[in-house]
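Remarks on the structure that follows.
Side chains are part of it too, since the values below use all heavy atoms of this structure and drop only hydrogens, waters and symmetry mates.
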Amino acid sequence: MRKALIGLVMSATVLTPVAAEAQNSRAERAQQRYERLGERNQARVEQRQQREAVREQRQAVRQERQSVRQERPQRIEAPAPAPVQSAQGVEQRSAGNWRSGDRQRSGGDRNSGREAYRQRVQETREASQRSAEGLDPRYQRQAVRNQQRYEERLRDQRRDDRRDRRDDRRDWRGDRRDDRQDYRQARRWDRQWRNDRRYDWQNYRYAHRDLYRGGRYYSPYRNHSYSRLSIGFVLGSGFYGDQYWLNDPWQYRLPAAYPGTRWVRYYDDVLLVDTYTGEVIDVIYDFFW
């Protein structure tokens, strides 16, 4: 009997350092895993901040373009290069008059606006030719150059307008896409799921008590004690590591979590946590026995 007791004591003495070393290695691996999760969450937060900065930059560019468009009519209303007047006294209209005439003729329609532009160019060409008839060849060449410059300015103006409208539409679509994504992300979770009989986890727990015996809970942080959390609280990354996930929420009669969130165990409570920010989205107290 004495020999058996001595053998048990010696075996326990030998196995104690081995068990302690294994426990330390597990703790180190868990700590490394928590650090990796924290780095990933930090990277996701930085990406979100970068997206917000890009959105603000787009807004600033859009405001600047809008201010430029507001100032542009003053430039357009400036008179065209001085035409060469003939003896007949043919007058050329200013760029502002042509533009107002375009609006009246086009009526806001794109095709009619193009026709008005072609008609305007043709009329200015004919007026320039009539005004240069019978003059010295040098003045005729000057009149042709003035007409060419005027047409180039019109083409550049139309090209800039089309580019600005295209960029504004692209920015507007990008902003709306981001806004819709943020709105869906904020409105996706509905806490009225408790009224759905499919998720009656309380009655289901009475019939399956063993399933809700979670066992002892080990906090990821040393000297941490239980505190009753509420919606909106931000958890540390260790509390929603993969060892605390409920991989099959339906097994406990819980609704499925949408991408980016997870049901996790917190002592005897269960929390729905945003894995990007650590924010508590939903909570059920005393879920486990």
Side-chain angles (χ1 to χ4, degrees), residues 23-57 174-175 177-196 199 201-202 205 211-289:
Q23 185 176 2
N24 293 334
S25 62
R26 285 197 299 272
E28 290 177 358
R29 289 196 299 271
Q31 183 65 27
Q32 293 176 359
R33 185 162 57 251
Y34 299 151
E35 291 176 356
R36 289 195 298 271
L37 289 174
E39 292 176 356
R40 285 201 295 267
N41 292 332
Q42 182 65 24
R44 291 166 180 168
V45 171
E46 291 176 357
Q47 290 177 0
R48 180 174 296 180
Q49 293 176 355
Q50 291 177 359
R51 288 197 298 270
E52 293 177 356
V54 170
R55 189 181 305 170
E56 293 176 358
Q57 185 177 4
D175 292 341
R177 189 182 303 111
D178 294 339
D179 293 339
R180 286 196 301 268
Q181 184 177 359
D182 294 340
Y183 179 79
R184 289 195 299 267
Q185 187 75 9
R187 297 288 297 176
R188 187 176 297 176
W189 187 252
D190 187 4
R191 298 188 182 93
Q192 299 299 326
W193 62 267
R194 292 175 173 80
N195 299 329
D196 194 337
Y199 308 123
W201 60 271
Q202 293 176 336
R205 184 175 64 175
L211 181 62
Y212 291 84
R213 296 186 186 276
R216 185 176 179 181
Y217 180 86
Y218 293 93
S219 174
Y221 301 105
R222 183 179 299 178
N223 298 328
H224 180 273
S225 59
Y226 172 79
S227 59
R228 197 176 181 87
L229 304 182
S230 59
I231 296 174
F233 188 86
V234 178
L235 286 172
S237 59
F239 287 106
Y240 49 91
D242 54 1
Q243 70 273 21
Y244 299 110
W245 291 356
L246 301 184
N247 294 322
D248 187 6
W250 175 248
Q251 184 180 5
Y252 301 94
R253 294 305 181 265
L254 292 176
Y258 60 84
T261 62
R262 282 286 184 176
W263 285 106
V264 299
R265 181 188 174 189
Y266 176 76
Y267 292 90
D268 289 339
D269 302 340
V270 65
L271 311 175
L272 182 66
V273 181
D274 187 340
T275 57
Y276 295 103
T277 62
E279 181 182 0
V280 178
I281 301 174
D282 205 345
V283 58
I284 304 175
Y285 303 112
D286 300 327
F287 186 77
F288 295 98
W289 295 103

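F287 is listed as a side-chain neighbour of Y252, based on a closest heavy-atom distance under 4.5 Å. The shortest distance between side-chain heavy atoms of N195 and Q192 falls below 4.5 Å. D242 places none of its side-chain heavy atoms less than 4.5 Å from the side chain of N247. Under the 4.5 Å side-chain criterion, counting only non-hydrogen atoms from C-beta, Y285 is in contact with R228. Annotation: side chain of T277 is not in contact with side chain of R44 (no heavy-atom distance under 4.5 Å). Residues L229 and L271 have side chains in contact (heavy-atom distance under 4.5 Å, counting atoms from C-beta outward). Side-chain contact between W201 and P249: absent, with no pair of heavy atoms (C-beta onward) separated by less than 4.5 Å.
Contact detail for R194 and V283: the closest heavy-atom pair is NH2-O, 3.1 Å.
In this model, no donor atom of one side chain and acceptor atom of the other lie less than 3.5 Å apart for Y217 and D269.
Tested against Y240 for a side-chain hydrogen bond (donor to acceptor under 3.5 Å, both in side chains), the candidates D274, N41, T275 yield a single pass: N41. None of E35, E39, R40 except one satisfies the side-chain contact (heavy atoms from CB on, under 4.5 Å) rule with L37; the exception is R40.
Between the side chain of W289 and the backbone N or O of G214, no donor-acceptor pair lies under 3.5 Å. A donor-acceptor pair under 3.5 Å is absent between the side-chain atoms of R55 and the main chain of Q50, judged by distance alone. The backbone N or O of V273 sits nowhere less than 3.5 Å from a side-chain atom of T261 that would complete a donor-acceptor pair.
Annotation: the span from S219 atom OG to Y267 atom OH amounts to 4.0 Å, rounded to 0.5 Å.
Using bins of under 30°, 30° to 60° and over 60° for the plane-to-plane angle, the ring pair W189/W263 lands in the perpendicular bin. Between F288 and Y212, the ring planes are tilted. Angles from 30° to 60° get that label.
Checked against the 6.0 Å centroid threshold, H224 and F239 count as a close aromatic pair.
Relative to the ring axis of W193, R191 does not place its NZ or CZ within 45° and under 6.0 Å from the centre.
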